[in-house]
Amino acid sequence: MQVKSKPDVTGLFDRVVANELPGHRGLEAWRSLLRAHATLMRQLDTDLEKKTGLALADFDVLAQLALAGGELRMTDLAARALISRSGMTRRVARLVDEGLVRRVDTDADGRGVVVVLTEAGVTRLAEAAPIHLRGVSDFFVARLNQRELGILKSAMDKVTVDCTFG
């Protein structure tokens, strides 16, 4: 019986990378961005949930509503929170169950839905915001100087893609 040799997947991947990113240009920056985003989001979510019982994604929905004056159409809310409409529908349903938001049909046919922040939602947001912002400060802002923050903002603005999350 002949033993089948394993394919050289490392070599294959290295060739693809070399072809698509000559000199590996930007690959380490890309990996750092992914690592930083994943670890920061995980830390901020864990910290907020442990201290308030509120998930970071739920906090974001409440914050987006507050920034918009307390209410948004479901589609606009999904776009601002960078989540699919179906994902937002499920998240909003949970927040409605918790009494933090309410849904209001706006069109005669019931297809237009506005999500409205409730008094309980405002209270929960006011309790969670200082904890979240302290985390953003401790885990992100405090580790960079003003020049680095400016460069990072400028660089991220250049690569931000305009898209919707259907």
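Predicted model, so just to flag it, every value in this text is computed and none were measured. When a residue number appears, it is its place in the shown sequence, counting from 1.
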ILVMFWY network linking Leu21 to Phe13, side-chain heavy atoms under 4.5 angstrom: yes
Check: Thr123 side chain, Glu119 main-chain N or O, donor-acceptor pair, under 3.5 Å: yes
Only pairs under 3.5 Å count here: list side-chain donor-acceptor contacts from residues 48-66, not counting sequence neighbours, and write none if there are none.
| unit_1 | atom_1 | unit_2 | atom_2 | d |
| --- | --- | --- | --- | --- |
| Lys51 | NZ | Asp47 | OD1 | 3.0 |
| Thr52 | OG1 | Leu48 | O | 2.6 |
| Thr52 | OG1 | Leu54 | N | 3.1 |
| Asp58 | OD1 | Arg91 | NH1 | 2.5 |
| Asp60 | OD1 | Gln64 | NE2 | 3.1 |

Qualifying residues under side chain to side chain contact (heavy atoms under 4.5 Å, CB included), relative to Thr118, sequence neighbours excluded: Arg102, Ala120
Distance (rounded to the nearest 0.5 Å) between Arg94 CZ and Asp97 CG: 9.5 Å
Worked check of side-chain contact (heavy atoms from CB on, under 4.5 Å) between Glu28 and His24: CA-CA 8 Å; Glu28 286 307 309; His24 292 217; over 6 Å; no
Nearest-0.5 Å distance that lies between atom CE in Met88 and atom CE in Met74: 7.5 Å
Hydrophobic cluster membership, Val122 vs Leu133, 4.5 Å side-chain cutoff: no
ILVMFWY cluster, Val159 and Leu144 together (side-chain gap under 4.5 Å): yes
Hydrophobic cluster membership, Leu34 vs Phe140, 4.5 Å side-chain cutoff: yes
Point-to-point distance, once rounded to the nearest 0.5 Å, from CZ of Arg103 to CD of Glu71: 14.5 Å
Minimum heavy-atom distance Leu40-Phe139, with the two atoms named: CD2-O, 3.3 Å
Of all pairs that satisfy side-chain hydrogen bond (donor to acceptor under 3.5 Å, both in side chains), the ones with a partner from residues 136-145, not counting sequence neighbours: none
Residues Lys153, Asp157: salt bridge by 4.0 Å N-O rule: yes
Pair Thr10-Asp8, side-chain contact (heavy atoms from CB on, under 4.5 Å): steps then yes or no: CA-CA 5 Å; Thr10 303; Asp8 179 16; 4.0 Å; yes
Distance in Å, Leu152 CG paired with Glu148 CD, rounded so as to fall on 0.5 Å steps: 9.0 Å
Distance (rounded to the nearest 0.5 Å) between His132 NE2 and Arg134 CZ: 12.0 Å
Pair Val104-Val113, side-chain contact (heavy atoms from CB on, under 4.5 Å): steps then yes or no: CA-CA 6 Å; Val104 178; Val113 175; over 6 Å; no
Nearest-0.5 Å distance, CG of residue Leu100 to CG of residue Leu125: 9.5 Å
Path from Val115 to Ile83 over hydrophobic side-chain contacts below 4.5 Å: yes
Side chain proximity check, Val114 to Leu72, heavy atoms < 4.5 angstrom: no
Test item: Thr39 side-chain N/O and Ala36 main-chain N/O as donor-acceptor pair under 3.5 Å: yes
